[in-house]
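Notes follow the structure.
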Amino acid sequence: MPAHNSDVASMFEELADILEIEGANPFRVRAYRNGARSVSGLSHSLRDLVRQEEDLTQYPGIGHELATKIKEIVDTGSLSALEEARQRVSPDLVSLMHIQGLGPKRVKALHDKLGVKSLADLQQAAAQGKVAELSGFGTKTQNSILEEIERFQGEEKRYKLAVVEDVAATLSRHLEKQSGVQKVQVAGSFRRRKETVGDLDILVTGNRPDEVMQALVNYEDVRQVLAHGQTKSSVIMKNGLQVDLRFVAQDSFGAALHYFTGSKAHNIAVRRLALDRELKVNEYGVFHGEQKVAGKSEEEVYASVGLPYIVPELREDRGELEAAAQGRLPELIQRKDLCGDLHVHTKASDGKNTLQELAQAARDMGYEYLGITDHTRNLSMVGGLGEDRLMEQMEEIEDLNAQLSGITLLKGSEVDILKDGSLDLPDWVLQKLDFCVCSVHTAFNLSREKQTERILRAMDNSNCTILGHPSGRLIGSREAYDVDMERVLHGAGERGCILELNSQPDRLDLDDVYCKAAKELGVKIAISSDAHQLGNLELIRFGVDQARRGWLEAEDVVNTRPLEGLKKLFKR
DNA sequence: GCCGTTTTCGGCCCGACTGTTTTCAGTCG
C-alpha cells in the first residue's frame with residue numbers, strides 16, 4: 001500500500017479524533033494535528049526521507065514519537081496505534097465529528113448514553129427524539145443535528161476558488177450597498193487564494209453593525225442561518241457554501257483581517273512570536289498588557305512582532321515566518337509579469353476559436369507571444385492532429401505571423417505521452433515545432449513505478465519542452481495518477497525540462513507544494529491557461545495565484561521572459 | 001506529544017456564539 005504524505009497526515013488526524021473522543025490530553029491531540037499539518041505541507045515525500053534515513057524530527061511538530069510512527073507507516077503501510085484505537089472507537093463513530101455542531105464531547109455522550117455507533121444510528125435517535133433528552137442537548141440541538149446530517153450527506157465540502165469568486169463578488173456588492181458600511185473585505189482561504197475554499201469569511205467595517213448582520217441573514221441567496229450575533233453571523237447559501245460575516249471596528253481592522261485571513265497555522269505561529277515579546281495577538285489588536293500597540297493595519301501587526309508584511313498567499317506556516325525574519329521573503333510573481341501563454345487549443349482540435357481570434361485576444365491582453373498547442377492524434381475523440389494536419393497548421397501559423405504585428409504565435413503541440421512513455425508524433429515533426437507540451441491523457445491507472453518511468457521516458461525525448469499538467473488531478477473529481485513526483489521533479493531538473501502549472505481552476509497542476517519544491521531544485525515552471533476558448537485565457541490568473549502560493553518569483557517562470565529569452569530556455 | 005538564546009519540566013492561541021444553563025460547556029474558526 002502506498003504511503004503518501006497525505007496518508008500519513010490523515011492517519012494522524014484520525015488518531016487525533018479518536019484520542020479526542022476518548023478525552024485524552026488535549027495537547028497530545030493537538031500534537032497529532034500539528035504533525036498532520038506539518039507533514040501535508042512538506043514538499044519532500046516521507047517515503048524518500050525515510051529511505052534516506054533523514055532525521056524527521058528536524059521538521060516542526062515532529063518529535064521522536066511521531067517520527068517513529070511515520071517510519072512505521074512508510075514501512076508497513078499502517079499504524080498499529082491507529083489500528084488499536086479503531087478497535088476502541090470505530091471509524092463510523094469518528095466520522096460523526098465531521099458534522100457541524102458535533103465535537104468529541106457530544107459524540108462521546110451520544111455513544112455512551114444512546115449507543116450511537118454510526119450516522120444512521122444518530123439520525124434514527126434524533127428522529128425519535130432521544131437526543132433531546134440527553135443532558136447538555138435539547139430540541140434545538142437535535143433539530144440542527146438532523147439538518148446537518150442531511151447537508152453532510154448531500155454536498156461537497158470544499159468549493160473551487162473560481163466558483164466561490166462569483167458568490168464573493170455579488171455578496172460583497174450587496175453588503176457594500178448597506179447604509180453605514182465603510183469597507184467590505186473577504187478574508188480566509190479565499191484571500192490566500194487557496195485552490196479550494198471551505199467557507200467564505202467576510203469582514204465589514206462601518207457604524208451600523210446590526211443592519212449589516214440583518215442584511216446578511218435576510219439576503220435572498222441564504223438558505224439557512226446558523227448564527228446571528230452582534231458582531232458575527234454565519235449562514236448557508238443556497239448552493240451550500242457557508243458564509244461567516246464579522247463586523248469589526250476600524251482601528252482593529254488590520255488585526256481582524258490578519259486573524260481571519262489565517263491560515264490558522266500561520267496565526268498560531270505569529271501569536272507564539274508575540275508571546276516571546278510579551279504581546280498578545282487577537283482579532284482586536286496586539287496588546288502589551290492592557291495597552292493596545294497595533295491593530296489598524298496588517299503591516300502594524302507584523303511589525304509588532306518584528307516582521308515585514310507577509311502576503312496572504314504565503315501564510316501557511318511553511319517557512320514564511322522564518323524567511324520574513326531573515327529578510328529573504330520571495331518577491332512573488334504577478335499577473336503583469338507574464339509575457340505570453342504557452343498552452344492554448346484552437347478549433348483544429350477541441351478549442352472553439354481560430355488562430356486569428358486567439359492571436360488578437362492575446363495581443364489585447366498585452367502578450368508578446370501565444371503558444372498554440374492542439375492535441376495530437378492519440379486523442380482522436382477531440383480531433384487530435386496527426387503529422388499532416390500539424391504541418392498544415394505550422395504553415396498557417398507562419399503565414400499569420402507574417403501578417404500580424406504586436407504578437408507572435410508559437411508553433412507548438414500538446415503531444416500525448418503514450419502508455420510506454422513514447423510521444424504520439426515522430427521526432428522529425430516535433431523538431432519543426434518551437435516547443436512541445438507533453439501530457440498524459442490516457443492510462444491513468446498504471447502502477448506508481450510504471451507511471452513514473454513512463455513520464456521520465458517522455459522527458460528523455462529532447463523535444464519534450466514542457467511536461468503538461470504533471471499530476472493529472474482534477475480537483476474534486478479525479479485523483480492525481482499514482483506517480484513519484486519527487487522523481488519527476490528531479491528528472492525534469494536533470495533533463496532541463498520545464499514543468500507546467502496548468503491554470504484551469506479544476507487542475508492547478510503543479511500544485512503549490514510542488515511548485516515550491518521545483519523552485520528549490522531549480523526546475524523552471526510555465527504558467528499556462530490551457531484555454532479552449534477566448535474567455536479561458538484569463539484563467540491564467542488562477543495559475544499565478546497558485547504560483548504565488550508556491551513561492552515562485554518571475555525568474556522561476558519561463559513565460560515571464562520576452563520571446564528571445566524564452567526561445568533560449570526552450571533549447572535543451 | 002512537542003519544545004527550549006532564562007527552561008529537559010511545564011508550559012502549550014484566543015474569543016464569539018449557541019443552547020442549555022442559572023454561571024457555563026461545547027463547538028467553531
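Note on naming: letters A, B, ... go to the chains in the order of the sequence lines (proteins, then strands), and numbering restarts at 1 for each one. Scope of the values below: all heavy atoms of this structure, side chains included, with no hydrogens, waters or symmetry mates. Just so it is clear, the model here is predicted, and its values are computed rather than measured.
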Margin query: Please classify the nucleic acid contact of A/Pro104 as base, sugar-phosphate, or nothing, using heavy-atom distances under 4.0 Å.
Written below: sugar-phosphate
Note to self: With side chain to side chain donor-acceptor pair (under 3.5 Å) as the criterion, how do A/Ser252 and A/Lys292 come out once you've worked through the C-alpha distance, each side chain's angles and the decisive distance to 0.1 Å?
What the structure shows: CA-CA 10 Å; A/Ser252 294; A/Lys292 182 164 163 180; 3.2 Å; yes
Check: On a whole-Å scale, what distance lies between the C1' atoms belonging to B/dT20 and B/dT27?
Finding: 14 Å
Notebook entry, point to check: Roughly, in whole Å, what's the span from OH in A/Tyr59 to P in B/dC3?
Noted result: 14 Å
Note to self: How close do A/Val544 and A/Arg335 get, counting heavy atoms only, and between which atoms?
What the structure shows: CG1-N, 3.7 Å
Notebook entry, point to check: Under 4.0 Å: is that the gap between some side-chain N or O of A/Lys280 and OP1 or OP2 of B/dG15?
Noted result: yes
Margin query: Looking at the base of B/dG1, is there any donor atom on it, or on the side chain of A/Asn25, that sits under 3.5 Å from an acceptor on the other one?
Written below: yes
Checklist line | 5' priority, DNA chain B, between A/Leu275 and A/Leu66 [closest heavy atom] | finding: A/Leu66
Checklist line | Whole-Å gap separating P (B/dG1) and CD (A/Glu72) | finding: 13 Å
Check: With nearest nucleotides of DNA chain B determined for A/Gln230 and A/Ser135 from heavy-atom distances, which residue corresponds to the more 5′ nucleotide?
Finding: A/Gln230
Note to self: Once you apply a heavy-atom cut-off of 4.0 Å, does A/Val29 come out as touching a base, just sugar-phosphate, or nothing?
What the structure shows: nothing
Item checked: Side-chain donor-acceptor pair present, A/Asp244, A/Ser234, cut-off under 3.5 Å -> yes
Note to self: Using atom C1' in both nucleotides, what's the gap between B/dC9 and B/dG15 to the nearest angstrom?
What the structure shows: 29 Å
Checklist line | Separation between the C1' atoms of B/dG26 and B/dT21, rounded to whole Å | finding: 12 Å
Next item on the list: Send over the distance from A/Phe247 CZ to B/dC17 C1', rounded to a whole Å.
Entry: 18 Å
Note to self: Please confirm whether the shortest side-chain N or O distance from A/Tyr284 to OP1 or OP2 of B/dA16 is below 4.0 Å.
What the structure shows: yes
Margin query: Just to be sure I understand the rule, does A/Ile99 reach a base, reach only the sugar-phosphate, or reach nothing, if contact means heavy atoms closer than 4.0 Å?
Written below: sugar-phosphate
Next item on the list: Rounded to whole angstrom, note down the C1' distance from B/dG1 over to B/dT8.
Entry: 14 Å
Next item on the list: Rounded to the nearest angstrom, tell me the gap between atom CD in A/Glu278 and atom P in B/dG11.
Entry: 16 Å
Notebook entry, point to check: Using a cut-off of less than 4.0 Å, is there contact between a side-chain N or O of A/Thr141 and OP1 or OP2 of B/dT20?
Noted result: yes
Note to self: Using Watson-Crick or G-U wobble geometry with both distances under 3.5 Å, which nucleotide pairs with B/dT8?
What the structure shows: none
Checklist line | Under 3.5 Å: donor-acceptor pair, side chain of A/Asp7, backbone of A/His4 | finding: yes
Checklist line | N/O donor-acceptor pair, side chain A/Tyr259 with base B/dG15, under 3.5 angstrom | finding: no
Next item on the list: May I ask you to evaluate whether A/Gln142 reaches the phosphate of B/dG19, defined as a side-chain N or O under 4.0 Å from OP1 or OP2?
Entry: no
Margin query: Does A/Arg30 reach a base, just sugar-phosphate, or nothing at all? Heavy atoms under 4.0 Å.
Written below: base
Checklist line | Selected nucleotide, minimal atom distance to A/Asp201 side chain, candidates B/dG29, B/dT18, B/dG1 | finding: B/dG29
Notebook entry, point to check: Base, sugar-phosphate, or nothing: which does A/Arg106 touch, judged by heavy atoms less than 4.0 Å apart?
Noted result: sugar-phosphate
Notebook entry, point to check: Any idea which of B/dG29, B/dG1, B/dG15 is nearest the A/Gln100 side chain?
Noted result: B/dG29
Next item on the list: Calculate the interatomic distance between A/Leu226 atom CG and B/dT27 atom P; express it in whole Å.
Entry: 16 Å
Check: Of A/His288, A/Glu300, A/Arg277, which is the lone residue that meets side-chain contact (heavy atoms from CB on, under 4.5 Å) with A/Val293?
Finding: A/His288
Check: When all nucleic acid strands are considered with a 4.0 Å heavy-atom cut-off, which category describes A/Ser234: base, sugar-phosphate, or nothing?
Finding: nothing
Note to self: Can you see if the side chain of A/Asn282 gets near the phosphate of B/dG15 - specifically, an N or O under 4.0 Å from OP1 or OP2?
What the structure shows: yes
Next item on the list: Write down the distance separating the P atoms in B/dT6 and B/dC2, rounded off to the nearest Å.
Entry: 24 Å
Next item on the list: Decide whether a cation-pi geometry holds between A/Arg192 and A/Phe190; the criteria are a distance under 6.0 Å from NZ or CZ to the six-membered ring centre and an angle within 45° of the ring axis.
Entry: no
Next item on the list: Indicate, with a heavy-atom threshold strictly under 4.0 Å, whether A/Thr139 touches base, sugar-phosphate, or nothing.
Entry: sugar-phosphate
Note to self: Can you measure A/Leu19 atom CG to B/dG1 atom P for me and round it to whole angstrom units?
What the structure shows: 8 Å
Notebook entry, point to check: If only atom types and distance count, is the side chain of A/Ser38 paired as donor or acceptor with the main-chain N or O of A/Asn34 below 3.5 Å?
Noted result: no
Margin query: Roughly how many Å apart are B/dA16 and B/dC12, using the C1' atom of each and rounding to a whole number?
Written below: 22 Å
Margin query: Taking only side-chain N and O atoms of A/Lys140, does any of them lie within less than 4.0 angstrom of OP1 or OP2 on B/dG19?
Written below: yes
Checklist line | Nearest heavy-atom neighbours spanning A/Met485 and A/Leu510 | finding: SD-CD2, 4.2 Å
Check: Can you check the A/Leu257 CG to B/dG29 P distance for me, whole Å?
Finding: 19 Å
Note to self: Could you tell me how far apart A/Asn267 (CG) and B/dC14 (C1') are, to the nearest whole angstrom?
What the structure shows: 10 Å
Check: Counting any heavy atom closer than 4.0 Å, what does A/Lys264 reach on the DNA or RNA strands: base, sugar-phosphate only, or nothing?
Finding: base
